[in-house]
Amino acid sequence: MKPSTTKNQAAIKLVGVSKKYEIHHEKPTLVEKFVKGRNETFWALRDINLTIKKGERVGIIGPNGSGKTTLLKIIAGITTPTSGVVETNGKIVSLIDLEAGFHPDLTGEQNIFLNGMLLGMKKGEIEDKLDAIIRFADIKQFIDTPLYTYSSGMKLRLGFSIAVHSDPEILMLDEGLSVGDADFQKKSWEKIQEFFRKKKTVLIASHILEYIQKTCRRIIIVGKGTIAEDGNQKLIGRYQRGDYV
Amino acid sequence: MTSGMQHFFELLFAMTEKELRARYKHTVFGFFWLVANPLLQMLIIGFVFTFFMKEPILYYNYYLFVGLLAWNFFSLSLAKATSSIVFERSLIKKAAFPREVIPISILLSNAVHFLAALVLYTVPVAFLGTLTPESILYILSGLLLLFAFTIGISLLTAALNVRFRDINFFVQALLIIWFYATPIVYSFSMIPYKFIWLWRLNPLTSVVQLLQHGFVGAPPPGPAMLGSNIVATITICAVGVLLFKNESKNFDDWV
């Protein structure tokens with residue numbers, strides 16, 4: 001996660017990235033550690049080399065357990081690779097787990113500040129965008145009530161609104177992203193298209209191939225922790241025929 | 001870098017505010033519990049322990065109360081911070097923010113309560129005539145040592161607890177013993193000389209002695225005690241910060 005200053009560089013660059021997980025079948029305890037000695041391990045990613053240029057829209061596909069989520073987590077800086085180097089250029093925001101980090105006892109407004117800061121926004125920035133965030137989430141009437149009174153749709157809308165207003169350079173999406181009712185889905189899709197128009201870098205991990213087909217030029221197929229294939233939309237067809245499962 | 005620092009503190013204060021707001025939500029007496037808790041402890045311990053005391057301690061209730069305030073800050077902070085990373089797993093999984101804001105915000109919220117109670121405590125103490133201009137110096141060094149030690153050990157246990165959940169239970173057991181291993185209800189002069197080295201390992205000895213001296217004029221810690229306690233505090237802080245920094249990169253793998 002070294003922010004780089006030079007322009008026209010890659011948005012994301014991974015060199016020789018590997019990630020090893022220790023398998024813990026039960027809750028890890030000190031006794032188990034001493035009795036068993038070394039733990040079982042599992043390589044979720046092996047020697048990934050990947051460069052994504054600014055403004056690219058990349059779809060990541062692959063079967064369950066192939067390493068898609070680990071790859072996104074490493075790029076987002078949520079976890080650290082066991083070996084290798086990750087370089088990212090610009091703020092990354094993921095639209096995965098939109099509701100996470102809300103506190104039920106705090107009001108909508110207090111949660112906007114807390115959540116916005118967790119996503120890397122400054123306080124002043126949130127103050128400036130507060131009205132826009134509330135308007136987009138359409139929760140004006142409930143903004144000073146505690147979050148436990150919100151419906152799950154309202155929470156998702158608020159989470160989405162905060163994330164997109166944090167002005168990310170790199171956006172991460174998961175699955176088909178169905179937020180709220182039909183109206184809000186339309187609104188959120190328009191917002192994402194606005195990111196496309198602004199030439200933001202977008203990464204999508206999904207099993208819904210039509211969605212990937214609709215949005216991404218570049219396709220990466222991940223299988224067994226490695227990049228099996230990296231190319232254009234033709235890969236989707238080959239993936240559907242089951243060449244990589 | 002300054003921009004990063006500004007964001008760190010803004011986030012830290014926002015998290016602290018969250019802790020403070022959430023704590024006394026839906027309680028009738030709210031802030032009152034802050035003083036009521038140590039007050040009840042003081043009355044009970046004060047009643048029972050005077051039966052066993054060979055030489056009475058001057059202003060015993062006041063002596064007891066300041067030690068209890070410091071102890072409650074320490075034990076509540078450590079107990080809650082230890083399990084904090086596991087408890088806030090949804091935050092860990094969501095975004096890449098500096099992980100240390102989670103335990104430190106718990107400490108800060110407890111510190112706000114502790115300092116507020118300490119100010120209230122100063123009012124009756126002022127009538128005892130034990131406060132002198134030098135008291136400030138002793139009280140501030142006691143607080144500084146207390147905060148440094150609490151941060152250091154909380155970072156240590158919070159980081160370890162992510163992988164080894166036993167740490168949480170270990171800390172709970174340790175806190176019960178630790179209370180009696182700190183001169184809160186008794187006076188340091190009651191400890192037999194051959195066991196004094198045990199108290200030298202416990203940084204809270206100097207903390208409560210400095211506070212007891214500052215507020216009610218009990219004997220201050222000797223140079224050997226203060227020196228060894230400071231060394232222990234710095235060691236724990238260094239280990240805690242380094243370990244937390246190292247482990248926090250991979251918290252997501254374990255929660």
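Chain identifiers are assigned alphabetically (A, B, ...) following the order of the sequence lines, protein sequences preceding nucleic acid strands; residue numbering begins at 1 within each chain. Only a predicted model underlies this, so the values are computations on that prediction, with no experimental measurement involved.
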Participant: Which residue pairs pass the side-chain hydrogen bond (donor to acceptor under 3.5 Å, both in side chains) test when at least one of the two sits in residues 68-86 of chain B, sequence neighbours left out?
Facilitator: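 Every pair satisfying side-chain hydrogen bond (donor to acceptor under 3.5 Å, both in side chains) with a residue in residues 68-86 of chain B: B:Glu19-B:Lys80, B:Gln41-B:Asn72, B:Ser77-B:Asn110, B:Thr82-B:Thr157.
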Participant: Is it the case that the side chains of A:Lys122 and B:Ser3 hold a donor-acceptor pair, with the cut-off being a distance below 3.5 Å and no angle test?
Facilitator: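 Yes, a side-chain donor-acceptor pair sits under 3.5 Å.
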Participant: Check whether more than 12 heavy atoms from other residues, nucleotides or ligands sit under 6.0 Å from atom OH of B:Tyr121, and answer yes or no.
Facilitator: yes
Participant: Flag the pair B:Lys94 / A:Glu99 as yes when at least one side-chain heavy-atom distance between them is below 4.5 Å, and no otherwise.
Facilitator: no
Participant: So among A:Thr79, A:Ile78, A:Thr70, A:Thr82, which one has a side-chain contact (heavy atoms from CB on, under 4.5 Å) with B:Asp253?
Facilitator: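 Going through the options one by one, the only one that passes is A:Thr79.
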Participant: Verify the neighbour count for atom NZ of A:Lys123: are there more than 12 heavy atoms of other residues, nucleotides or ligands below 6.0 Å?
Facilitator: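 Open.
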Participant: For A:Lys191, does the NZ atom have more than 12 heavy-atom neighbours from other residues, nucleotides or ligands under 6.0 Å away?
Facilitator: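 Result for NZ/A:Lys191: enclosed.
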Participant: Can you say whether B:Arg99 sits under 4.5 Å from chain A via the side chain, the backbone, both, or neither, judging by heavy atoms?
Facilitator: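 Answer is side chain: those atoms of B:Arg99 sit under 4.5 Å from chain A.
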Participant: Given salt bridge (Lys or Arg N to Asp or Glu O under 4.0 Å), test B:Arg21 with A:Asp105 step by step and report yes or no.
Facilitator: CA-CA 8 Å; B:Arg21 279 185 205 275; A:Asp105 280 329; over 6 Å; no
Participant: At their closest point, which heavy atom of B:Glu10 faces which heavy atom of A:Met117, and how far apart are they?
Facilitator: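 Distance-wise, the nearest heavy atoms are O-SD, 3.4 Å.
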Participant: Listed by chain and number, what are the side-chain contact (heavy atoms from CB on, under 4.5 Å) partners of B:Ala111, not counting sequence neighbours?
Facilitator: B:Phe73, B:Phe147
Participant: What are the two closest non-hydrogen atoms of B:Ala96 and A:Ala76, and how far apart are they?
Facilitator: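 Nearest pair, atom of B:Ala96 first, then A:Ala76: CB-O, 3.4 Å.
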Participant: Tell me, for A:Tyr21 versus chain B, whether the close heavy atoms (under 4.5 Å) come from the side chain, the backbone, both or neither.
Facilitator: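 Contact with chain B involves the side chain of A:Tyr21 alone.
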Participant: Nearest 0.5 angstrom please: B:Asn250 CG to A:Lys20 NZ, how far?
Facilitator: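 B:Asn250 atom CG to A:Lys20 atom NZ measures 10.5 Å (nearest 0.5 Å).
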Participant: Quick one: which of A:Leu106, A:Leu118, A:Leu114 has the most heavy-atom pairs under 4.5 Å with chain B, could you say?
Facilitator: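 Most heavy-atom pairs under 4.5 Å with chain B: A:Leu118.
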Participant: We want to know whether A:Asn111 and B:Lys18 form a side-chain donor-acceptor pair, criterion being a heavy-atom distance below 3.5 angstrom.
Facilitator: no
Participant: Would you say that more than 12 heavy atoms from the other residues, nucleotides or ligands in this model lie under 6.0 Å from the NZ of A:Lys13, or not?
Facilitator: no
Participant: Which atoms form the tightest heavy-atom contact between A:Ala100 and B:Ser90, and what is the distance?
Facilitator: CB-O, 3.6 Å
Participant: Before giving the answer on side chain to side chain contact (heavy atoms under 4.5 Å, CB included), spell out for A:Glu22 and B:Arg163 the whole-Å C-alpha distance, their side-chain angles and the decisive distance to 0.1 Å.
Facilitator: CA-CA 11 Å; A:Glu22 284 175 32; B:Arg163 281 211 210 191; 4.2 Å; yes
